[in-house]
There are 2 protein chains.
Amino acid sequence: MARTDQTQAAVLGALSVTPMSGYALRQEIRDTLGHFWSESFGQIYPALAELARHGLVERRGGERTGSSTFAITAAGTARLRELLAEPAQPAPPRNPLLLRLFFGRHLGPDACRELVQQSRARAEDQLARMAAVRRELAADASSPADRPYWLLTVSAGEHAARAQLAWADEALAALADLRSADGADRLPSASPTPEEHP
Amino acid sequence: MARTDQTQAAVLGALSVTPMSGYALRQEIRDTLGHFWSESFGQIYPALAELARHGLVERRGGERTGSSTFAITAAGTARLRELLAEPAQPAPPRNPLLLRLFFGRHLGPDACRELVQQSRARAEDQLARMAAVRRELAADASSPADRPYWLLTVSAGEHAARAQLAWADEALAALADLRSADGADRLPSASPTPEEHP
DNA sequence: GGGCACATGTAAGCTGTTACATGATTAA
DNA sequence: TTAATCATGTAACAGCTTACATGTGCCC
């Protein structure tokens, strides 16, 4: 229910694939879950300590620093199942781009176009990253049981990115219309409106 | 840059459309910006106090309780422009549904299907809400200068919701395949594998 | 010997939600 | 008069990021 549970679920989940260090855990979460999840060091290490205290993960190797790894225990796997079965409550939305566009009248069409273009570029990046992940998954033969589930999240990222691209193109066109209409209103003498869109 | 600035931007932005009370502010933000933004009382009232202290908004009417309203000042409008011009940094993603699906092996295909179906239902809800907003906007003739910008955010919501629908259908099909493959693996004697996918 | 990647942790501080306290107005 | 809605605020707490402190092992 609490957010901490989500961090624990992410940590236990990652360790259910393979044992690793806290440092590697953070990299895995950033690189593999990056398009739909994030955790910082300040979350991961306390979570690992808590999980170890309850016997849900086990520390192996160098106690201090160096090549220590954390492995999930049987109790940890059971706990993971519990955590995953809890209802997935979506977080309250906070989209700073759409906030700016909603009050875009104060920014003007050109500044808005720039924002949308940045968003479009991010979507293309994401599409490229998703394609790269697909290639990696195709090349890597480990964890065959996990693969179909991982592909679902990749597909979600692709659908979202393509939708963002399509919306951005539509928004850019609308803002272009707005700009010329605006210009015609406010600067009637600026230029003889070189080309009107039919 | 800080999150507080975002709250101030949302509050100033809403008041730039029309003056209203803090209570109404919260309702407007929930009902109108709801699909891409959220603020709670605990954010709104301190933000209003802070803005009033700096002369960016002005309290009118009953000082105590009752029919008091807050109105944006000229300085407030200028500040809003500044805030909106600041770079829109996207928040770190946190999608509890995709987290569960990624580790879906531990949940099994059926539990995953249920999650996806819930997500699909939410997307349909959102699509319906966006359609309602479109109707309201078409009927309401006030704020014509804001309308094109508002429509951009509605369109973003529609694109996102449609993408979620398309993905959900794809995911449900994939999970159905997985379920039957799984059943064939784990329960070879259950039924003579009625239909195999080629 | 210096720099870099690996590795573990803590503390401060901000953001944000929730629950609570308080009271006015209005409708049943 | 009781309940619901409108209205304003505060306090406690949870979640999360960032920066810092510390140390190892390896390669150039």
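Just so we're on the same page: letters track the sequence lines, and every chain starts at 1.
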Whole-Å distance between D/dG9 P and B/Arg53 CZ?
-> 11 Å
Determine which pairs satisfy ring pair (Phe, Tyr, Trp, His ring centres under 6.0 Å) with at least one residue from residues 120-157 of chain B, sequence neighbours left out, and list them in order.
-> A/Phe102-B/Trp150
Check the distance between C/dC20's P and B/Tyr45's OH and give it to me in whole angstrom.
-> 18 Å
Could you tell me the separation between the CD atom of A/Gln43 and the P atom of D/dA14, rounded to a whole number of Å?
-> 14 Å
Hey, which sits more toward the 5' end of DNA chain D by its nearest nucleotide, B/Gly42 or B/Gln27?
-> B/Gln27
For the pair made of CZ in A/Arg59 and C1' in C/dA7, what is the distance, rounded to whole Å?
-> 10 Å
Ranking C/dG9, D/dT10, D/dT17 by distance to the side chain of A/Ser40, first place goes to D/dT17
Closest approach of B/Gln89 and A/Pro96, non-hydrogen atoms and distance?
-> O-CG, 3.5 Å
Starting from C1' on D/dC6, measure out to CZ on B/Phe70 and report it in whole angstrom.
-> 14 Å
Does B/Ser68 have a side-chain nitrogen or oxygen under 4.0 Å from the phosphate oxygens OP1 or OP2 of D/dC6?
-> no
Any side-chain heavy-atom pair from A/Arg147 and B/Arg105 closer than 4.5 angstrom?
-> no
Length of the CZ-P vector between B/Arg26 and C/dT18, whole Å = 9 Å
For B/Arg162, which residues count as a salt bridge (Lys or Arg N to Asp or Glu O under 4.0 Å) partner, sequence neighbours excluded?
-> none
Answer yes if the side chains of B/Thr73 and B/Glu58 hold a donor-acceptor pair under 3.5 Å, and no otherwise.
-> no
Nearest to the side chain of A/Arg94 - C/dG16, D/dT5, C/dG9?
-> C/dG16
Which nucleotide in D/dA7, D/dT17, C/dG9 has an atom nearest any side-chain atom of B/Pro92 = D/dT17
Measure from the side-chain heavy atoms of B/Ser21 and tell me the nearest of C/dT17, D/dA7, D/dC16.
-> D/dA7
Separation of C/dA7 P from A/Ile29 CD1 (nearest whole Å) = 15 Å
How many Å lie between CD on A/Glu39 and P on D/dT17, as a whole number?
-> 7 Å
